[in-house]
Amino acid sequence: MGKQLGISTYSFAERSKEGIPYLFENGLPYKGDIRSDARRVYLSGFKFRTASQTEWTNIQVPHCFNAADGALRDYRGDVFYEREITIEGDGAVLCFLGSFLFTEVYIDGIRIGKNDEGYLPFYFDISGFAMGRHRLTVKINNCTDAATIPLSLFPGHKVGWHHYAGLHRAVYIEYRPQAYAFRLDCIPRRENGLWRAAISALFKGAANESLTNTIRIVGDELVYESQFALCFDSEGIAAFRDAIAIANPRLWDIDTPCLYTCQMSNGYETAEVSFGLREVTWRDGKIYINGRQVMLKGVCRHEVNGEKGLATDSETSKRELALIKAMNGNFARLAHYPHSAETLANADALGIYLWEEVPYYQAGQKITHASFGKQLGGSRLRPRALAELFGNLAATSQAKEPELLKTAARSLAKLVMRDINHPSVITWSVGNEIWSVSRANGLGLQYLIEHVKKYDASRAVNYAAMCMPLMTGLFEQSFKYADWLCLNEYYGWYFGKISDLRKLAEKISKKYSDKPFVITETGSDTKFGLHDNSKHCEEFQANFLRETHAIMRKIKNFAGFTVWVLKDFPCPEYGEDNIIPYYNCKGLFDKDMNEKLSYQVMKEIFGAE
């Protein structure tokens, strides 16, 4: 598939060892989210300034400099973070868990590397610097363009969520030992009624050396223990694979979120990950978890915490996931980018199914932005839209651009490697609302879906399609390639009547009756406390969700309903004249977490499922 699109699947340093794929970046194999006894020194205190400022401000990392209601909200350009660091031992690796967007890293004025992915970890080998004190400088530019994800569709494009920028996740120095694990996957597998953990592990060590390693699997007690030899090749990479039977299995599910630990120990390191025994399958238009049919009852969530923005904390995500469970929900779509590792761990512990995606968002959709505008609860044709139609139609080819697809593929590989062991994740998503009603763009989505399955074939791989009246039912390409039918729809809000959904849903359902049908977004903008019978009152939102759900209940392969969104969030796409300026107000809660009427309505609906 990559060959058809002119994409070299190895252009972003993709490698494999004994059939286990991994990325090689900045001179290091890309490391997943693995706990280790390797020493870490967290770098929290930095000084900060923009390119136009001469004075530094002392700040704490994680940090977002452009708070939605702050003085730098609309700042675009370079910013700088700086501090002194001390290298105290061998094997020093400088680790960033998230930095938006273009990031250049310098030590003593020497550039050691760059990163252009805004939400996932990246690393630099700094072991070549002498022990002692050094000056660390991080230069970040938050401008998006036509080749980034998230992308800018055209000059002046108003994006679908506020892009919080800065060193928004932790920064630390990790002193990696001579031999360490950089990929440790524990994939549950049920065969003939027996449960196994399929272990795939990759290690970095000394070239052509051998090492004895002990593997342990622990639940409430020790489940398995054995030793094996690690044999490093000429590049210092070793692999281990096995499928280990689990006696007396304790399954992970929303009511029994039981976790196991897989531990690898040798003379250099003890490394471990948590995992759960959980199986995701689908057939005949239904979704099954551990063989039990489930209806996904969910809410979309942005990772936004007031002035902190993306620099959120574990307690905030725990409270918000708990609110979803309290409304009889079982599913959260983490939109539209990778959320923090703490959010994933909280979902594992609480028992919440998750959808994860990368910010490959609205590629090729210049035509919809240029032709239609969101006008306080509706869409209307913009002036000159017809005159510019052919040029904008040509721009839909953006979604098949090889470089953009490579960028998305690299982010997807990193996301899977970071989060593959979380049982809460039941589906990966390759993107949201791409122009996907042309064959070529459909092939682009197929390439990304197949790319993800190369890294993890144990889950569903999907894509959230935009509903375009008349076009979606006839031309939507992703329904062929994705595992489920996933649709963002707003009949009765941006266009048409709520009842118009029925005809489209029935058409799609009949054409793809074997695939589960999941509504991945629906909702209406509502102002908390407004009860004036207008289109923005709380009663309208509650009735909108109630009627939309009632229509989908009659669709044979209906398998999930996801409300957009948990709470109101900053959104430049909504202008000064919005009911709350520059905010998307479709939340079940407002930005201050005041509960709207629709929360209790959805609690009632989900409780009856």
Under a 3.5 Å cutoff, is there a donor and acceptor pairing between the side chains of [X] and [Y]?
X      : Y      : result
Asn462 : Ser429 : no
Gln365 : Thr368 : yes
Gln541 : Ser524 : no
Asp145 : Ser152 : no
Glu303 : Thr343 : yes
Asn557 : Ser509 : yes

(message) What I want to find out is whether Lys596 reaches Asp568 closely enough, with some N-O distance under 4.0 Å, to be called a salt bridge.
(response) yes
(request) Tell me, yes or no, whether the heavy-atom count around Leu474 atom CG, taken from other residues, nucleotides or ligands under 6.0 Å, exceeds 12. (result) yes
(request) Could you tell me which residues satisfy salt bridge (charged side-chain N to carboxylate O under 4.0 Å, His left out) with Arg292, sequence neighbours excluded, listed by chain and number? (result) Asp253
When the aromatic ring centroids of [X] and [Y] are compared, is their separation below 6.0 Å?
X      : Y      : value
His422 : Trp252 : no
Tyr361 : Trp161 : yes
Phe589 : Tyr599 : yes
Phe569 : His162 : no
His339 : Tyr119 : no

Let me have the donor-acceptor pairs involving side chains of residues 600-609, under 3.5 Å, with sequence neighbours excluded, atom names and distances please.
from, atom 1, to, atom 2, distance (Å)
Gln600, NE2, Glu595, OE2, 3.0
Glu609, OE1, Arg553, NH1, 3.1
Glu609, OE2, His549, NE2, 2.7

(message) Please check: side-chain N/O of Glu538 versus main-chain N/O of His531, any donor-acceptor pairing under 3.5 Å?
(response) no
